[in-house]
S.K.: 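After the structure tokens below, expect a handful of questions from me.
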Amino acid sequence: YPTKRFGEFMRSIVTMVVFAALMSGGTAAARAETPEEWVALGARVHGGYGVFIPLGIKIGLDAVDRLKAKPRELAVVYYDGEKAPCACFADGVAIATLASVGQRSLKIDPEKAPEGAAAVIVIRPRQGGPGFKYSIPLSALPRLGKMNTELDPLGRHDAVMKADGLFEVAQVN
């Protein structure tokens, strides 16, 4: 029993140290996640790890890199498409950027994305200034659907991270 409790205590300490390192670091901290860690985190936050989660992570990491942002420095506005099955992309973006509804740095807008888009995500610095608009076209959904049905969660993550053409990005002022 004491050995078991000590093991649990040490795992808790390691978890807190890793979490603190991720929260205190800059852009490198977000990239320190392994694919297995992204899958575990995405599944824990969202309740599963379908292809929309890693696509949101990919978009979020792209924005962090382009904007040279540190944790909690970005604001995200998410627009869901009329024909999108769910707003799962937003959870992936949230865990990659550390934006959150509770901190009012992530907003799901009631306005819908334009026709032909599964989602539009606008990411900019919280303090204001130019950012980027990410558009996920409806035409990407069949490709994503195939990945979702044919691959396990880690395979989905890897396939999405390697895939090109799943979203378009444009600078916004």
Side-chain angles (χ1 to χ4, degrees), residues 27-39 41-43 45-101 105-126 129-173:
T27 57
R31 297 196 183 275
E33 301 283 346
T34 66
E36 293 83 3
E37 289 169 330
W38 281 121
V39 170
L41 181 58
V45 167
H46 185 71
Y49 201 81
V51 291
F52 289 7
I53 303 302
L55 184 51
I57 291 169
K58 185 174 183 173
I59 288 169
L61 290 176
D62 185 79
V64 166
D65 186 54
R66 288 175 189 259
L67 295 166
K68 307 293 185 249
K70 292 185 174 105
R72 304 200 192 296
E73 287 186 347
L74 297 177
V76 177
V77 180
Y78 179 88
Y79 302 89
D80 209 17
E82 285 285 341
K83 297 180 182 174
C86 60
C88 306
F89 303 112
D91 283 343
V93 171
I95 63 174
T97 62
L98 297 179
S100 81
V101 173
S105 57
L106 172 68
K107 177 182 174 187
I108 307 292
D109 202 283
E111 183 180 326
K112 292 296 184 186
E115 185 72 28
V120 171
I121 304 125
V122 177
I123 305 174
R124 59 177 80 233
R126 279 181 91 169
F132 293 93
K133 177 175 81 170
Y134 295 84
S135 300
I136 303 169
L138 285 174
S139 61
L141 294 183
R143 190 170 161 205
L144 290 166
K146 186 174 182 186
M147 290 176 195
N148 218 33
T149 58
E150 293 179 358
L151 301 170
D152 66 1
L154 188 56
R156 292 173 190 146
H157 180 87
D158 292 340
V160 168
M161 292 302 163
K162 292 175 186 170
D164 290 323
L166 295 176
F167 63 87
E168 300 159 3
V169 60
Q171 190 166 0
V172 293
N173 290 322

S.K.: Is R66 paired with D62 through a side-chain N to carboxylate O contact shorter than 4.0 Å?
M.R.: yes
S.K.: According to side chain to side chain donor-acceptor pair (under 3.5 Å), does anything in residues 140-151 pair up with another residue at least two apart or in another chain? List the pairs.
M.R.: N148-R156
S.K.: What residues form a salt bridge (charged side-chain N to carboxylate O under 4.0 Å, His left out) with K112, not counting sequence neighbours?
M.R.: none
S.K.: Can you name the nearest heavy-atom pair linking P71 to L98, along with the distance?
M.R.: CB-CD1, 3.3 Å
S.K.: With side chain to side chain donor-acceptor pair (under 3.5 Å) as the rule and sequence neighbours excluded, what pairs involving residues 46-56 come up?
M.R.: H46-D91, Y49-H157
S.K.: For residues P130 and L67, report the shortest heavy-atom separation together with the two atoms involved.
M.R.: O-CD2, 3.8 Å
S.K.: Would you confirm whether S135, through its side chain, and V120, through its main-chain N or O, come within 3.5 Å as a donor-acceptor pair?
M.R.: no
S.K.: What closest approach, in Å, do D158 and P35 show between heavy atoms, and which atom pair accounts for it?
M.R.: OD1-CB, 4.0 Å
S.K.: What is the minimum heavy-atom distance between C88 and I53, and which atoms define it?
M.R.: O-CD1, 3.3 Å
S.K.: To the nearest 0.5 Å, tell me how far F89 CZ sits from I136 CD1.
M.R.: 4.0 Å
S.K.: Whether the side chain of Y79 engages the backbone of A117 through a donor-acceptor N/O pair (distance < 3.5 Å, no angle test) should be reported.
M.R.: no
S.K.: For R124 and G129, indicate whether the former's side chain and the latter's backbone hold a donor-acceptor pair under 3.5 Å.
M.R.: yes
S.K.: Taking all atoms of both residues into account, what is the closest heavy-atom pair of A96 and W38, and its distance?
M.R.: CA-CH2, 4.1 Å
S.K.: Between CG of L55 and OH of Y134, what distance do you get to the nearest 0.5 Å?
M.R.: 11.5 Å
S.K.: State, yes or no, whether a side-chain contact exists between V160 and L144 at a heavy-atom distance under 4.5 Å.
M.R.: yes
S.K.: Is there a donor-acceptor contact under 3.5 Å from the side chain of K58 to the main chain of L166?
M.R.: no
S.K.: With salt bridge (Lys or Arg N to Asp or Glu O under 4.0 Å) as the rule and sequence neighbours excluded, what pairs involving residues 74-85 come up?
M.R.: K83-E115
S.K.: Considering residues at least two apart in sequence or located in another chain, which fulfil the side chain to side chain contact (heavy atoms under 4.5 Å, CB included) criterion with A159?
M.R.: M147, L151
S.K.: Under the rule for side chain to side chain contact (heavy atoms under 4.5 Å, CB included), what residues qualify as partners of V101, not counting sequence neighbours?
M.R.: L106
S.K.: As an exercise, state the distance from CD1 of I59 to CD1 of I121, rounded to the nearest 0.5 Å.
M.R.: 4.0 Å
